[in-house]
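Below: one structure, written as structure tokens.
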Amino acid sequence: MTSWTAANFWLIPLLPLAASLLILGFAKSHRGVAIGLAVIGQLTTLSISIAAFAWTLGTPGARGVQNFTWFTFGEQAVRIGCVLDPLAAAMLVMITLVGLCIFVFSKGYMAGDKDFSRFFAYLSFFSAAMLGVVIANSLLLLFVCWELVGLASYLLIGFWIHKPSAAAAAKKAFITTRIGDLGFFLGLLWLYRSTGTLLFYDNGNGCLESAGLLAIGSSSTFIALLIFSGAVGKSGQFPLHVWLPDAMEGPTPVSALIHAATMVAAGVFLVARVYPIFSLGAIDGVTPSLTVVVWVGVITALMASLIAIAQADIKRILAYSTVSQLGLMMVSLGVGGVAAGIMHLLAHGFFKALLFLGSGSVIHASHHEQDIRKMGGLRKLMPVTFVTYAIGMMALSGVPLFFAGAWTKEEVLHATAHWPKSQAPYFLMLAGVVLTALYMTRQMIYVFYGSQRRNIDLQSVRPEGLEPAESNAAENISAGRTGHSPMFRPESIHESPPVMTRPLIVLAICTIGLSAVLTPAWPWLHDYLSGESAHFDFAQLIQPMLFISLALVAGGIALGVLIYRRAGLTDPLQQAQPALFRFLENKMWLDELYAHTVIALSKAAARVSNWMDRFVWDGLVRAVGGIGRFLGSFSAGVDERGINAVVDESVGGARGLGRLMSRFHSGQVQLYLGAVAVAVLALLLFYAWLA
Amino acid sequence: MTPTLQLCLIISAALFSIGLLAALGRRHAIFILIGIELMLAAANLNFIAFWRFGPEPQNPTGVMVAIFSIAIAAAEAAVGLALVIAVYRHYRTTNVRRFNQLKG
């Protein structure tokens, strides 16, 4: 069984792909068949993934590699392959397990949608591409799957194609990530030029092994930074994070699977995968490229958690929290805590999927209302959602002991504190911890506590002089897909069906259960990822740093309760600091900044090209045309007077012929093409007859 | 079944015929474009097949020709789509049966 897994783990991404193709091909109008195929594909992949995980766990230090030649090109052979190591195996299990929960949840969430089958085909397709990214043993294969993941994300963000905002968000996500991918591709080419191979592991000849690293030499900083730009785009790091919050236009299960749990983690995974290139030539664990990674992560984490405080859309708050958590993971990788970063990625995958599905349950129950200011008091109406959401919230905020996120966050902070270059990232990350606790408390209070505020009209309670910011938020919300009035009867809110709550419960159990295996007392996952053997040491459980973050988390939550306890429709922060609130609510005006710089620049370039086309090139053409016209009128004069008389005679015959010919000109292009095809066929037959 | 020249040519002929059928039979301009792309693919397949089973398979001439031809096909597809869009703006339809301004 185990050897079978080691030999056949390349099946993992192919099963969901097959499911996706089967659904698109044969089950478009059969909902039951579609969901069945998708879930069966995901289940078998999950079981192979678990077997693969067990295999890597059972044979420490082993690395399953399968390479084969894709195509040969003269002397050069392009080779791709799959690799199964602890990093890949842990990711495989997380992706397939979270994916399965989300597939089941979607069955309930998307039940009323007419494109139900298409949705599951896309989800399976995404799953296949993401698993391909994880097991790729070649940067080329990884890049191909990376782009397929981008395509899946595009298709799913724009799933409700009749909604203009969804189409715009899909385009924005695709184009923004493409900017980063251009850098990634250049880095890939540079790497190939230096090492002559794109395989990661190839019996000592791969680009991540000693020979390859030697060949990279001093260009490692540039290659690493170019590859990192791909990760910046995909993982929503500053300055390419702007697409991720807009990506919340897609259905909520999509947000949970792609834009929170798995795909956005691909950037972090990529950095971890090619980490030897980043850390090449490190002095004391610090290289220029890793320093860039740290600071990009720090800026992203802080900026996103500040913006999250002032958002009103339940999904956007979670989106910004995802951006900030991804920043945290990048910091961890940058300071050298690779295992810590990946552990946080895995834990984050579970609890963020839980939070998103919880928000999906809330949105589903409140008839596609997404403004947290119009919710409230849902604690009693939706008990299961409330409890699971609270577990997710505490895991995200980092409440210690029982929640997975806390331990991994602790590991990350621990790694950051020991960065030799500067202490600043550590303190900034601690500030981020407080902010995270604060905005999650705000969200909990608005959604689940207090009284129901949804019958109050937002317009009437708007404070003086604050209209533009408000209307911006309100617009985002009323662009909901049904377009019905945001006012509805509160008594119609009820708990979601079991098909939706059960995945929540499973994910909540995973979140708590993971905390038992992620404690620093028994760091087996940490050592498994970094290739050492674990030993149990209870003294490691309680560390002084734990108390610092405990105090900070408690402070953040208490602050949140204090500020938002009596919160009404206007945010307390908005009343206290209207200017600051507007700055944050409008996402620090980064979208506007881009619109006025990058986008304006490319529009100007387009305008210049247009002008060149119209006047310069067209002018040239016109000038040439003018000469021709002059010659033409000259010869026309000769014609009229001299030759015409002769020609007139013969024209009569030509006219008759022309009339005859014009009958063949039906104006149907396909007839013309058919005539050409018949003529060629006749020619062929003629030659065949000659021979 | 080992690939032989005959097999490749049969597949390519089949691909070409399918493409031709699509280009002649479909009413939607985009499907006609797709048909043309299929015919191009058949031609590429022929290039590769004749190179692979030809006298000098070690020189990558066939691949180079095919790669150039794919690049040209991409450009052609872009131009074709742009034409479809332009024509659509004019006629408000993509049914080629309705494009009969050239009728004599």
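Chain letters run A, B, ... following the sequence lines, proteins first, then strands; residues in each count from 1.
More than 12 heavy atoms of other residues, nucleotides or ligands lie within 6.0 Å of CZ in B:Arg27, so this atom counts as buried by the packing criterion. The 12-atom threshold is exceeded at CZ of B:Phe53, counting heavy atoms of other residues, nucleotides or ligands nearer than 6.0 Å. Heavy atoms from other residues, nucleotides or ligands lying under 6.0 Å from CZ of A:Phe143 number more than 12. Shown here is B:Tyr91, whose OH atom has more than 12 heavy atoms of other residues, nucleotides or ligands within 6.0 Å. Heavy atoms of other residues, nucleotides or ligands lying less than 6.0 angstrom from NZ of A:Lys172 number more than 12.
Applying a 4.5 Å heavy-atom cutoff, the residues of residues 674-684 of chain A that approach chain B are A:Gly674, A:Ala677.
The salt bridge (Lys or Arg N to Asp or Glu O under 4.0 Å) search around B:Arg26 returns none, not counting sequence neighbours.
Neither the backbone nor the side chain of B:Leu21 has a heavy atom closer than 4.5 Å to any heavy atom of chain A.
Atoms CG and CG, on A:Leu671 and B:Leu24 in that order, are 9.0 Å from each other to the nearest 0.5 Å.
Looking only at distances, no side-chain donor or acceptor of A:Gln670 sits under 3.5 Å from a matching main-chain atom of B:Val96.
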